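Treat the numbers as computed from the prediction; the structure is a model and nothing was measured. Residue numbers begin at 1 in each chain, while the letters A, B, ... track the order of the sequences.
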2 protein chains.
Amino acid sequence: MAHRQDQQRRASIHDVASRAGVSAATVSKVMAGVTTVKPENAQRVFDAVEQLGYRIDPLASDMRRAKRRIIGAIMPEFESEFFGQMVTQLESLAEQRGYTLVAASSRESEAREKEILVRMHDWRVAGVVLAPVRNEHGPAADFMKANGMTGVLIDRVLSDDAFDTVSADSAAASAEVARELIAKGHRHILVVGLGEQAATMRARLDGFRTTALKLAPDVRIDVVLAETDVEPLRAQLREYFAKGERPTAVYSLFLKGTLVALSEFRRRGWHCPNDISLVGFDDAEWMQVTWPAIAAVVQPVRQIAGHAMEALFARIEGGEGPPIARLEPCRILMRESVGSPGNGPHSGGGQ
Amino acid sequence: MAHRQDQQRRASIHDVASRAGVSAATVSKVMAGVTTVKPENAQRVFDAVEQLGYRIDPLASDMRRAKRRIIGAIMPEFESEFFGQMVTQLESLAEQRGYTLVAASSRESEAREKEILVRMHDWRVAGVVLAPVRNEHGPAADFMKANGMTGVLIDRVLSDDAFDTVSADSAAASAEVARELIAKGHRHILVVGLGEQAATMRARLDGFRTTALKLAPDVRIDVVLAETDVEPLRAQLREYFAKGERPTAVYSLFLKGTLVALSEFRRRGWHCPNDISLVGFDDAEWMQVTWPAIAAVVQPVRQIAGHAMEALFARIEGGEGPPIARLEPCRILMRESVGSPGNGPHSGGGQ
DNA sequence: GTGAAAGCGCTAACAT
DNA sequence: ATGTTAGCGCTTTCAC
């Protein structure tokens with residue numbers, strides 16, 4: 001360990017050079033692991049580095065190359081388990097390759113998403129992992145294209161003509177949910193979602209509807225889609241139930257929808273699965289400890305992160321070829337919130 | 001909007017300078033908003049900037065100064081609402097001051113925490129917001145001290161002799177919880193926590209115990225503290241209940257503890273609040289939509305983030321004086337998971 | 001008012 | 001095998 005009681009100024013490569021009695025270029029070579037340096041000099045450099053506590057300044061070092069060893073990550077939010085795990089994974093993978101991940105939250109705003117992208121462009125990041133607020137056609141992706149940035153799109157995307165995309169296989173997962181619900185006897189199902197993320201929600205809805213109708217042509221599928229926000233969804237859902245609609249199951253296409261559905265059930269005094277069944281897209285830790293445990297579609301975060309980074313680095317290293325759209329398979333956890341219709345009181349009533 | 005179909009190389013300050021017919025120094029001044037530039041020249045610079053789509057390279061610009069306009073944030077994890085909100089807030093506040101936040105997850109490892117800090121030191125960040133894995137006495141804080149880094153410690157800390165600290169007022173919140181539980185008639189209460197974070201857990205435990213004993217000297221308070229990890233806690237809790245212990249309420253000192261408690265209740269078929277009451281430190285969105293809703297201590301994330309950044313920037317700007325330890329008041333949400341003892345079946349069995 | 005020159009800390013091409 | 005030189009893109013004296 002180096003001893004430096006006062007760190008007025010950090011040791012620079014020149015300090016090391018003069019202490020070791022060599023030039024800065026030689027120090028640079030030694031640090032880079034070039035083998036053509038005389039062992040004796042290399043040793044002197046190592047000693048000087050040790051004594052001065054020298055460390056390369058990665059940002060200064062990046063100054064010379066066109067791209068810096070930095071990967072930008074833009075997530076719609078940091079508050080959910082899904083994106084939290086995603087950032088953690090991405091960070092890990094970036095570091096494994098000697099890069100630093102700089103993550104930013106667009107806070108579900110496309111305008112902010114674009115601003116962050118501009119900043120990352122200013123920073124000359126080597127690449128960007130963008131989880132767009134809406135879909136692949138936002139201003140952020142346009143900006144990336146217009147400026148020739150290297151990037152991968154994840155999560156709320158299906159495919160793109162300029163960037164590789166990686167997301168959960170929404171359609172297949174939804175088909176599986178449909179299979180389960182139909183098998184349990186449900187013939188009146190409400191699907192709730194958010195219209196804003198057109199492509200993803202559409203895939204989830206279609207995947208569900210197609211399979212459900214195929215297995216049970218008589219099934220009734222209602223859909224409540226809020227345009228951009230969660231509170232309107234709550235209002236629409238409330239209105240839907242107020243009209244007297246009584247589906248036997250609800251399939252929520254996104255996490256917040258599951259929370260809204262649960263809170264509306266509470267309001268009406270309905271319990272899962274006796275009064276109504278519930279499945280949600282997106283799992284969360286709490287869903288397995290509540291009573292009833294909530295059934296959910298588990299997105300393969302690690303696979304998405306892994307393949308996204310793989311694709312990104314392939315492009316950073318010059319990989320050519322048309323964009324690739326990956327869909328990662330999900331798991332379905334059918335927990336207690338799903339039952340068969342008609343097994344419970346199935347009536348309104350107090351809490 | 002600037003038009004640049006191919007972005008071989010981004011426009012540099014020299015490109016702007018030559019296009020505007022002035023020197024790079026003048027461009028720099030214009031960009032910095034210096035007023036001593038002839039208006040006509042300033043205009044030419046603005047035009048050139050516009051036409052070339054020029055943007056300052058913030059990293060290159062920081063090269064000259066000792067500290068960069070970057071704030072580092074180190075959180076124990078990104079997966080929980082608490083730290084997700086914290087990062088979001090910190091990011092926002094940093095940006096408001098023209099800084100970029102670079103967040104990293106120590107993944108609950110002190111070794112990794114230190115590594116991240118080393119990297120941030122290499123990056124010459126202006127300051128660090130550290131939410132330590134354990135407490136203020138870890139290797140990371142030592143490293144910061146030894147290297148004269150500017151920083152603030154938050155969350156799992158009480159006070160420090162070198163850095164300002166900001167955290168939730170654990171003791172006061174716990175006292176309030178004690179007041180509520182005692183008032184409801186509970187006289188046998190189990191407290192669960194994690195020993196690793198000595199200071200914080202101690203404050204929560206002591207705050208609870210002191211007030212509970214003062215209000216009801218006959219109260220029995222059991223404590224199950226796991227050393228470092230959550231799974232051992234689950235095992236200890238299971239063993240505790242297996243011995244036949246039947247407290248009427250559980251107070252969990254941290255979020256994961258609340259989840260573990262809930263899952264152990266499930267295992268034994270106990271329902272809140274009839275069979276047992278539950279309050280947890282740390283709120284989460286799902287807690288208000290489950291049935292029963294789970295009572296929780298809400299940490300004031302915004303205040304913590306706000307005061308942390310305030311303190312940090314004060315130091316960055318040269319503020320002197322002894323370290324300040326702030327405690328931010330919490331709110332208690334007494335929800336349905338808390339009832340009075342003896343109102344339910346209070347027997348084992350069930351699903 | 002403005003620009004030339006000197007760097008921030010590093011690396012890479014080119015000599016030697 | 002090593003050092004010299006010339007930058008990366010910017011800012012900041014300090015003369016003019």
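For I13(A), taking side-chain heavy atoms from C-beta onward, the closest of the listed nucleotides dT13(D), dC10(C), dA12(C) is dC10(C). Of the candidates dA4(C), dG9(D), dT11(C), the closest approach to any side-chain atom of A25(B) belongs to dA4(C). Side-chain proximity of K38(A) to dA1(D), dC10(D), dT13(D): nearest is dA1(D). Checked against dT11(C), dG9(C), dG9(D), the side chain of A60(A) finds its nearest nucleotide in dG9(C). The side chain of V22(B) lies closest to dG3(C), out of dG3(C), dT11(C), dG9(C). Across dT13(D), dA12(C), dC10(D), the shortest atom-to-atom separation from the side chain of R65(A) is found for dA12(C). Distances from the side chain of I56(A) to the nucleotides dC10(C), dA1(D), dG3(C) place dC10(C) closest. When distances are taken from the side chain of H14(B) to each of dT13(D), dG7(D), dC10(D), the shortest belongs to dC10(D).
R55(A) comes within contact range of the sugar-phosphate backbone alone, with a heavy-atom separation under 4.0 Å but no base atom that close. Nucleic acid contact class of L59(B) (heavy atoms, under 4.0 Å, all strands): none. Across all strands, S28(B) comes closer than 4.0 Å to base atoms (heavy-atom distances).
In this structure, L52(A) places its CG atom 14 Å from P of dG9(C), rounding to the nearest Å. Regarding D62(B), its CG atom lies at a distance of 16 Å from the P atom of dG9(D), rounded to whole Å. When rounded to the nearest whole Å, the span between CZ of R10(B) and P of dC10(D) equals 9 Å. Put simply, CE on M63(A) is 12 Å from C1' on dT11(D), counting in whole angstrom units. To the nearest angstrom, P of dC10(D) lies 6 Å from CZ of R124(A). As rounded to whole Å, 13 Å separates atom C1' of dG9(D) from atom CE of M31(B). Rounded to an integer number of Å, the gap from R44(B) CZ to dG3(C) P is 10 Å. Here the P atom of nucleotide dC10(C) and the OH atom of Y54(A) are 3 Å apart, to the nearest Å.
Using the six-membered ring where Trp is involved, W123(B) and W123(A) have ring planes that are tilted, between 30° and 60° apart.
A salt bridge links R112(A) with E91(B): the distance from a Lys NZ or Arg NE/NH1/NH2 to an Asp or Glu carboxylate oxygen falls below 4.0 Å.
Residue T26(B) places at least one side-chain N or O under 4.0 Å from the OP1 or OP2 atom of dG3(C). A close approach under 4.0 Å does not occur between any side-chain nitrogen or oxygen of S61(B) and OP1 or OP2 of dC10(D). Checking the phosphate oxygens (OP1, OP2) of dG9(C), no side-chain nitrogen or oxygen of S12(A) falls inside 4.0 Å.
In this structure, R124(A) contributes its side chain and D122(A) its backbone to a donor-acceptor pair below 3.5 Å. Side-chain N or O atoms of S167(A) include none that pairs as donor or acceptor with a backbone N or O of I154(A) at under 3.5 Å. Judged purely by atom type and a 3.5 angstrom limit, R315(A) has no side-chain atom pairing as donor or acceptor with the backbone of V152(A).
Environment of CZ in R119(A): crowded, with over 12 heavy atoms of neighbouring residues, nucleotides or ligands closer than 6.0 Å.
The 5' end of DNA chain D is approached more closely, in terms of each residue's nearest nucleotide, by P58(B) than by the other of K29(B) and P58(B).
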